[in-house]
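All values derive from a computational prediction rather than experimental measurement. Every chain is numbered from 1, with letters handed out A, B, ... down the list of sequences.
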2 protein chains.
Amino acid sequence: MISIKDIAKALSVSPSSVSLVLTGKAKERRISEALIEKIIAKAAEMGYQPNRAAVSLRTGKSKTIGLIVENISNHFFSSLAHTIQEEARHFHYNVVYCSTENDAQKGKEVLQLLTNHQVDGYIITPTLGMETEIENLVKWKKPLVLMDRCFPGMDVPYVMVDNYKGVQLGMEYLIKKGSCKIGFVTVDLDLLHMKEREKAYIDTLKKHDIKFIKEKILRLTYDVSKEEAVKQITVFIKNAKDLEGVFFSTNYLGIYGLLSLRELNLNIPADLKVICFDDHDVFELFQPSITVIQQPIHEIAQTALKLLVAQLGHTKPLRDKQILIAPKLIIRSST
Amino acid sequence: MISIKDIAKALSVSPSSVSLVLTGKAKERRISEALIEKIIAKAAEMGYQPNRAAVSLRTGKSKTIGLIVENISNHFFSSLAHTIQEEARHFHYNVVYCSTENDAQKGKEVLQLLTNHQVDGYIITPTLGMETEIENLVKWKKPLVLMDRCFPGMDVPYVMVDNYKGVQLGMEYLIKKGSCKIGFVTVDLDLLHMKEREKAYIDTLKKHDIKFIKEKILRLTYDVSKEEAVKQITVFIKNAKDLEGVFFSTNYLGIYGLLSLRELNLNIPADLKVICFDDHDVFELFQPSITVIQQPIHEIAQTALKLLVAQLGHTKPLRDKQILIAPKLIIRSST
DNA sequence: CTGAAAGCGCTTACAG
DNA sequence: CTGAAAGCGCTTACAG
């Protein structure tokens, strides 16, 4: 690897001049046009590339953003990651990502890892149990944005879809279509965004004077296996024989649900209407195609980066730091 | 951030001793048990975390692996990335990933980026046009593994599925099931793994004395839009009216294909048998479910990391450095 | 058994 | 307009 010193030596000038030119501070230090050109040409010729470790050590800035998601192999998160990385490139930032698998221990570990790597800012999909760590980042004034979920009452910038609104949208639609007996299949996680989805389900029923029966909610554990989930959903739907509609609160639950529905051999939407939170290729292709509440992934990712870049001082601060993105009801054939 | 110096000062010992203890070299330098314990306790108490930039600058090792994939938002690659990251954790390595979008220019850029970041090793899904850059890495003796594809005649470690075998497997099965007139939908990319798939298609036909008609191959451009692809596939299948089977050479082409087939309202597998290279959730759920050639993602990722870690000197070198993973025929209802 | 010193490659205040 | 020097936090030969 060729260094600033090498260029300086080759040109018989001081390393400082080379550094100044290469970091674009030549003008304000009034270095001669001639020297500037000579240095730039030589650097290109020798194929100079700055050693980021050295820059990082010296400046305290790594030009790296740390991204923590739940699971990078999940389509929702990998799409977010992809967009964030694309957007970050415009600002010459790199992205280092980690997955938590929704495990607090692992979440803390990867956060520590990113901190060790001196990332300049964080975009985090937090797990339950990371509250203290997140608050510490705030205390140390680290640029930070929460994504997809947040903690109640914590004053941190965040972007997420309006979960309440999303479920409300879907429920209103089901009800408009004539369903009253609607089941809700969700995951047993104590995270705000899941609570919001459930709350919207209950509230919308109440708003329409439909009595809420708690047996109409199925809560699966987060780590349930595919087989077990399919079994439980099948039993749930079979037991609630008079069900007219079912709402799946996440896309992977929806996919499990489709497997169950296939086993039950139900006629959709005639026997049972189906709607799912969060879109997926499967839902478009399934017969009948499935109505969903779509999260604008691109917009979420872009907004997260926008909030972060503002904190990093590259753009003006945004007026709102806690942003709810409007979900979209995509009507297909299952409702 | 608290540094080695801070610990040294707090304990009134020299920074060298602290460093020696914290990097586990205390024993060989025969530092007293008492001091070792004192230092370890203090470091924990003060919450010491090494500055990776400094370590990296000093040692030339960043404990980071650079991963370049085609597109992180694609399920195949994000699953690979996830497994690689998990495995890398065991060796205390981090992963920085980038997407090329199959664009050579971008591929070179992200490679440069990773090099600037002083990554210790590379796992790369190369694009066409990155040959020189890859060869340079080899010349500089950088730990390197190619993944999912490789360049003919280049002496570099790689892992990929046996593409030829995969298509052969599928074709043999279609033929066994009585199809002779089989179409092949592929992407117009000059990459070895795609060539292999096409070659296997032609060879298997020949082997069974089925005459190969070049109109039975549809080559879509890599950057074709979803709508355009669906249209072209629809026309292709309609024009080849006597088609008994169709082989999609990648999973996204298969998904486009399903949309076409739905438009055409064909009876699968009675009118047309369908098989696809590379699995996807959609194929399991589609009615009828789609027979596929599955790539063992986990095994590919694990092997890639194994090859890399060996080069990084943490494990013994493997006997074979160019590894083909056996694909699996998953028989479902579409054939 | 322990410490002082050099140096990784860079940036930046300071001096001239 | 340009250069010499210090220092970011760490590791490691060297000295004692």
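B:Ser3 comes within contact range of the sugar-phosphate backbone alone, with a heavy-atom separation under 4.0 Å but no base atom that close. Across all strands shown, A:Leu20 has heavy atoms under 4.0 Å from base atoms, whether or not it also approaches the sugar-phosphate. Base contact: A:Ser19 has a heavy atom under 4.0 Å from a base atom. At a threshold of 4.0 angstrom between heavy atoms, the contacts of B:Ser56 with the nucleic acid are absent.
Minimum atom distance to the side chain of B:Ser16 is reached by C:dA5, of the listed C:dC8, C:dC10, C:dA5. Out of D:dC10, D:dT11, C:dG9, the shortest distance to the side chain of B:Thr59 is found at D:dT11. Among the nucleotides C:dA4, D:dG3, D:dT2, the one closest to any side-chain atom of A:Ile31 is D:dT2. Here the nucleotide nearest the side chain of B:Ser17, chosen from C:dT2, C:dA5, D:dA4, is C:dT2. Relative to the side chain of A:Arg58, the nucleotides C:dT2, D:dG7, C:dA6 differ in distance, and D:dG7 lies closest. For A:Leu57, taking side-chain heavy atoms from C-beta onward, the closest of the listed nucleotides D:dC8, D:dG3, D:dT11 is D:dC8. For A:Ser32, counting side-chain heavy atoms from C-beta on, the closest listed nucleotide (D:dC1, C:dG9, D:dA4) is D:dC1.
In this structure, CG of A:Asn116 is placed 13 Å from C1' of D:dG9, rounded to the nearest angstrom. For the pair A:Lys9 NZ and D:dG3 P, the interatomic distance rounds to 15 Å; values are reported in whole Å. Remark: P of D:dC10 and CD1 of B:Ile7 are 8 Å apart, rounded to the nearest angstrom. Taking atom CD1 on B:Ile4 and atom C1' on D:dT12, their separation rounds to 12 Å, with Å as the unit. Atom CE of B:Met46 and atom P of D:dG9 are 13 Å apart (whole Å).
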query: Does the ring pair (Phe, Tyr, Trp, His ring centres under 6.0 Å) test come out yes or no for B:His314 and B:Tyr93, once each step is laid out?
result: CA-CA 11 Å; B:His314 299 297; B:Tyr93 276 88; 5.4 Å; yes

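Using modelled atom types, one side-chain atom of B:Asn71 and one backbone atom of B:Ser73 make a donor-acceptor pair closer than 3.5 Å.
Taking 4.0 Å as the cut-off between side-chain N and carboxylate O, B:Glu109 and B:Lys106 do not count as a salt-bridged pair. Under 4.0 Å is where a charged nitrogen must lie from a carboxylate oxygen, and between A:Glu70 and A:Arg149 at least one such pair does.
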task: Go ahead and write out DNA chain D as dot-bracket, 5' to 3': ( ) for pairs within the strand, [ ] for ones crossing earlier pairs, | when the partner sits on another strand, dots for unpaired; Watson-Crick or G-U wobble, both distances under 3.5 Å.
output: |||.||||||||.|||

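To the nearest 0.5 angstrom, A:Ile4 atom CD1 is 4.0 Å from A:Tyr48 atom OH.
Residue whose closest nucleotide on DNA chain C sits further toward the 5' end, between A:Ala54 and B:Arg30: B:Arg30.
Considering only side-chain N and O atoms, B:Lys25 lies under 4.0 angstrom from the phosphate OP1 or OP2 of D:dT12.
Under 3.5 Å, the side chains of B:His298 and B:Glu86 contain no donor-acceptor pair of N or O atoms.
Here the closest non-hydrogen pair linking B:Phe151 and B:Ile134 is CE1-CG1, 4.0 Å.
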